Amino acid sequence: QVQLVESGGGLVQAGGSLRLSCAASGRWNGVYDMGWFRQAPGKERLFVAKITWRDGSTDYADSVKGRFTISRDNSENAVFLQMNSLRSEDTAVYYCAARIAAGTRYNYWGQGTQVTVSS
C-alpha cells in the first residue's frame with residue numbers, strides 16, 4: 001500500500017502562484033509514475049500533469065502547459081506542482097495519484113487539497 005498526502009492548497013488571486021506538495025509513504029518500491037489531477041465542482045476529475053519516477057520525464061495537460069511544473073524529490077518520496085499565472089478556471093480540488101505500471105489506472109490517491117483562484 002502507498003499513502004499519499006497533499007498539502008499547499010489555498011486561496012490566491014488570479015495571476016498568483018501556489019506550490020502543491022504530495023508526500024508518499026508505505027510500500028514505495030515499484031511506483032512507475034505520479035500524477036496530479038483536479039476536479040472542479042460539478043465536473044469530472046481531469047489530468048493535470050505526471051512525472052515518471054525513474055527518469056523524471058513529464059507530461060502536462062494543454063490547459064496548464066507553460067504555467068505549471070511538476071517535479072519530484074526521490075530522496076523524500078515527494079512530488080510537487082508549482083502553479084504560476086493562476087486563473088479562475090484553475091479553481092478545483094487537486095489530487096495526487098500514483099500507479100505501479102504504465103498504461104494502467106492510478107492505484108493510489110490522496111485526499112485532495114483545495115485551490116481557489118479569485119478573479
Side-chain angles (χ1 to χ4, degrees):
Q1 283 285 57
V2 174
Q3 293 80 42
L4 304 173
V5 178
E6 303 98 334
S7 61
L11 173 64
V12 64
Q13 288 188 332
S17 299
L18 280 176
R19 186 175 188 249
L20 305 183
S21 300
C22 176
S25 61
R27 294 183 60 183
W28 188 244
N29 289 341
V31 170
Y32 173 74
D33 69 11
M34 293 186 69
W36 286 96
F37 293 75
R38 66 186 182 186
Q39 187 168 21
K43 297 189 177 181
E44 63 181 339
R45 188 175 300 186
L46 298 176
F47 167 76
V48 175
K50 63 180 178 178
I51 186 165
T52 304
W53 204 253
R54 182 174 59 87
D55 62 10
S57 59
T58 59
D59 190 24
Y60 296 90
D62 288 343
S63 59
V64 306
K65 281 181 181 176
R67 301 188 299 123
F68 291 10
T69 302
I70 189 170
S71 60
R72 77 197 193 296
D73 183 332
N74 293 52
S75 64
E76 296 292 331
N77 288 346
V79 66
F80 309 96
L81 187 68
Q82 178 66 43
M83 304 186 295
N84 299 328
S85 301
L86 283 162
R87 306 167 181 167
S88 57
E89 54 263 39
D90 295 318
T91 294
V93 177
Y94 283 70
Y95 297 91
C96 174
R99 60 183 173 180
I100 59 175
T104 63
R105 298 180 66 176
Y106 281 82
N107 310 87
Y108 306 103
W109 293 85
Q111 81 288 351
T113 185
Q114 177 70 47
V115 171
T116 302
V117 183
S118 63
S119 56

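Since this is a predicted model, take the numbers as computed values, not measurements.
- Taken from CG in Leu81 to CZ in Phe37, the straight-line distance is 12.0 Å, to the nearest 0.5 Å.
- Within the 4.5 Å cutoff, no side-chain heavy atoms of Ile51 are placed close to those of Trp36.
- Considering CD of Gln82 and OG of Ser21, their distance stands at 9.5 Å, rounded to 0.5 Å.
- For the pair Tyr95 (side chain) and Glu6 (backbone), a donor-acceptor distance under 3.5 Å is absent.
- Scanning both residues, Val79 and Cys96, for their nearest heavy atoms gives CG1-SG, 3.9 Å.
- Nearest heavy-atom pair, Val31 versus Ala98, reported as atom, atom and distance to 0.1 Å: CG1-CB, 4.2 Å.
- Checking side-chain atoms of Arg72 against main-chain N and O of Trp53 turns up a donor-acceptor pair under 3.5 Å.
- With rounding to the nearest 0.5 angstrom, the OG1 atom of Thr69 is 6.5 Å from the CG atom of Asn84.
- The aromatic rings of Phe68 and Tyr94 sit tilted relative to each other, their planes meeting at an angle between 30° and 60°.
- The list of salt bridge (charged side-chain N to carboxylate O under 4.0 Å, His left out) pairs with a residue in residues 83-107, not counting sequence neighbours, reads Asp33-Arg99, Arg38-Asp90, Arg67-Asp90.
- Neither Met34 nor Trp109 shares a network with the other; the hydrophobic side chains, linked directly or stepwise wherever heavy atoms of I, L, V, M, F, W or Y lie under 4.5 Å apart, form separate groups for each.
- Under a hydrophobic-cluster definition in which Ile, Leu, Val, Met, Phe, Trp and Tyr are linked whenever side-chain heavy atoms come within less than 4.5 Å, directly or via other members, Val48 and Phe80 are assigned to different clusters.
- Between the OG atom of Ser7 and the CD atom of Gln111 there is a distance of 8.5 Å, given to the nearest 0.5 Å.
- Applying the salt bridge (charged side-chain N to carboxylate O under 4.0 Å, His left out) test to pairs two or more places apart or on separate chains, none has a residue in residues 42-56.
- Among all heavy-atom pairs drawn from Gly35 and Tyr106, the shortest one is N-CE2, 3.8 Å.
- Atom CZ of residue Phe47 and atom OH of residue Tyr60 lie 9.0 Å apart, to the nearest 0.5 angstrom.
- One distance of note links CD1 of Ile70 with OG of Ser57; it measures 10.0 Å at 0.5 Å rounding.
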Would you be so kind as to tabulate the donor-acceptor pairs closer than 3.5 Å made by side chains of residues 112-119, with sequence neighbours excluded?
from: Thr113; atom 1: OG1; to: Gly9; atom 2: N; distance (Å): 3.2
from: Gln114; atom 1: NE2; to: Ala92; atom 2: O; distance (Å): 3.4
from: Gln114; atom 1: NE2; to: Thr116; atom 2: OG1; distance (Å): 3.3

